[in-house]
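Written out below as C-alpha cells is the structure these notes cover.
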2 protein chains.
Amino acid sequence: MAVGVIRPGGRTARVRAAVLQAAGDALVEHGFDRLDLADVARRAEVGKTTVYRRWGTTARLVADLLTDMAEQSLPRADTGSLIGDLRANARLVQRTLVDSRQGALFRAVIVAATCDPRTAEALHRFYAVRIAEWVPCVEQAVRRGELPSGTDAAEVVRAVSAPLYYRLLVSGDPIDRATADRAAEAAAAAAHAGVYTPTSSPN
Amino acid sequence: MAVGVIRPGGRTARVRAAVLQAAGDALVEHGFDRLDLADVARRAEVGKTTVYRRWGTTARLVADLLTDMAEQSLPRADTGSLIGDLRANARLVQRTLVDSRQGALFRAVIVAATCDPRTAEALHRFYAVRIAEWVPCVEQAVRRGELPSGTDAAEVVRAVSAPLYYRLLVSGDPIDRATADRAAEAAAAAAHAGVYTPTSSPN
DNA sequence: TCACTAAAGGTACTGCAGTTCCGTTAAGAC
DNA sequence: GTCTTAACGGAACTGCAGTACCTTTAGTGA
C-alpha cells in the first residue's frame, strides 16, 4: 500500500459520526464552557487520545459539528406570498431556538465561534447556507412585484432571524410564536418601504 | 465593634474597582474562554485568594462587571424626529460594537451570560436599562402622531439593535454605518406599518 | 490473503486552574 | 487612641484537563 494514503472509509467515518453525536449530546447537557473532550470520548466509546489527536480543542470539534450540520439543510417554504414565506421561516427559527436540544446546541455553537477563528468561519458558512436557502422566497416576491426591484434578498432573510437571535443571546426575552410573526411582518414592512434597496434611503 | 458588620469603605471598594478594571482588560485581550482569575489578580495587584473568595468563578466576576457597566448609562438622543433618534441609537450601538475594546468586551460578556444564570440575569438587567433609556424617543414619536398609539416602544428600540448584534454574534457580516442606518430605517418602517401594536396583525 | 501503515487505543505523566490553611492588614465602633 | 474582626495576602496543596509515548487494530493496494 502506498505511503500517505488517507483512509476515510469504515472506522474513521464511524468514529467521526460517534464523536460528533456525543459532542452534540454533551453540548446540550453542559454547554460549551463545560465541554470536556475526555467526556465526549467516553460517550462515543472512543479513546480520548483519538479525540485529542483529530480535533485537538473543543472549539475545533464544534467547528466540525457545524460543517456536519450545514450539510443537513432544511428546505425553504413556498406559500405564494412574501409574508407567508417569511412567517414560515420565522416560525421555523423560533421552534428551533425554543426546542431544548436545538436551542442549547445553537447557543453553544455560537459561543464556540467567539473562541476560535476557524469555528467562527464554520458558523458563518453555516448561516450563509441557511440564508441562501431562503433567498429565493424574496426574489420571487420581487418578480411578483410585491417588493421593489434591487431589494437585497439576503438582508431581508437576515432581518427575520435577527430579533429572535437577539432575544436568545442578548435581551433574554421570551421567544414565542407572536415574536416570530412580528419579526416576519417587520422584515416585510421594511422591505416594502424600500429599506433594503441599495440606492434609496427613505427620509 | 459589632459582629457581622459589612465594610464597604476604603480597601474593599478599591479592590473591587481594581479587579473589575483588570477583568475588563483581560476580557478584551483574551476573551471570556481564556479568562483566568489568577491573571486578573496579578493585573489588579491583588491576592488571587481574594478574587476567588469574592467572585469564585469567571462568570460571576463578569456579572459584577456588568452591574458596574449598567450604572454608567449613556444619555439618549433627542433630534426631534423618530428616524433621527433611532439612527442616533443605531450609530451608537454600531460604534460600540466596532470599537476594538468595547466590541470584544460585549462579545465576552454575552458569552459569559450563556455559562451562568446569575450572569445572564445581570446581562438582561443591563440591556433592560439601556433599552429603557431610549424608550422615550419612541413614546414622543407616538405623541407627535408619527406612530400609531399603542406601539410597543421597547420592541421598536430592540428592533434597532437586533440586526447589529445578529451580525456580531451569528452571521459575522461587517457592521458598518450603512448597516446601522438600515437597521434604524427598518425599525421605523415596521413601527409605521403598525407591526409593534399589540392588536393589529397586518395582512 | 498478505503486507503495509493510517488511525485508534491504553496508560502514565505533567502543568496549571482552583482550593485550603493560616497569618496579616486595616475598617470602623467606642 | 485601642480593640475587634472583616477582608486581604502568601504559599503549599490537589484534581483533572490536556500531553506523550508506545501498542494494537483494521482499511486498502497488490
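Here is how names work: the chains are called A, B, and so on, in the same order as the sequence lines, proteins then strands, and each is numbered from 1. Remember, it's a predicted structure, so these values are computed and weren't measured experimentally.
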Legend entry - 5' priority, DNA chain D, between A:Arg42 and B:Arg53 [closest heavy atom]: B:Arg53
Starting at [atom1] of [X] and ending at [atom2] of [N], how long is that distance when rounded to a whole Å?
| X | N | atom1 | atom2 | value |
| --- | --- | --- | --- | --- |
| B:Leu35 | C:dC16 | CG | P | 17 Å |
| B:Tyr52 | D:dG15 | OH | C1' | 13 Å |
| B:Arg11 | D:dA7 | CZ | P | 10 Å |
| A:Arg54 | D:dG18 | CZ | P | 19 Å |
| A:Arg16 | C:dA6 | CZ | C1' | 18 Å |
| B:Trp55 | D:dA7 | CH2 | P | 12 Å |
| B:Leu37 | C:dT19 | CG | C1' | 12 Å |
| A:Asp33 | C:dG18 | CG | C1' | 16 Å |

Inset, instruction - Using distance alone, with no hydrogens and no angle criterion, decide if A:Tyr166 and B:Tyr127 have a side-chain donor and acceptor under 3.5 Å apart. - result: no
Legend entry - B:Arg14 vs C:dA26: side-chain N/O to OP1/OP2 distance below 4.0 Å: no
Legend entry - Audit row: B:Glu185, B:Arg87, salt bridge (charged side-chain N to carboxylate O under 4.0 Å, His left out) steps and yes/no: CA-CA 8 Å; B:Glu185 286 155 18; B:Arg87 208 177 263 139; 3.1 Å; yes
Inset, instruction - Indicate yes or no: does B:Glu71 engage B:Arg130 in a salt bridge with an N to O separation below 4.0 Å. - result: no
Inset, instruction - Would you kindly compare B:Gly56 and A:Val15 by the position of their nearest DNA chain C nucleotide and give the one closer to the 5′ end? - result: A:Val15
Legend entry - Side-chain donor/acceptor of A:Thr49 to base of C:dG9, under 3.5 Å: no
Legend entry - Check: C:dG18 base within 3.5 Å donor-acceptor of B:Lys48 side chain: yes
Legend entry - Residue among B:Val160, B:Leu92, B:Val156, B:Leu74 satisfying side chain to side chain contact (heavy atoms under 4.5 Å, CB included) with B:Trp134: B:Leu92
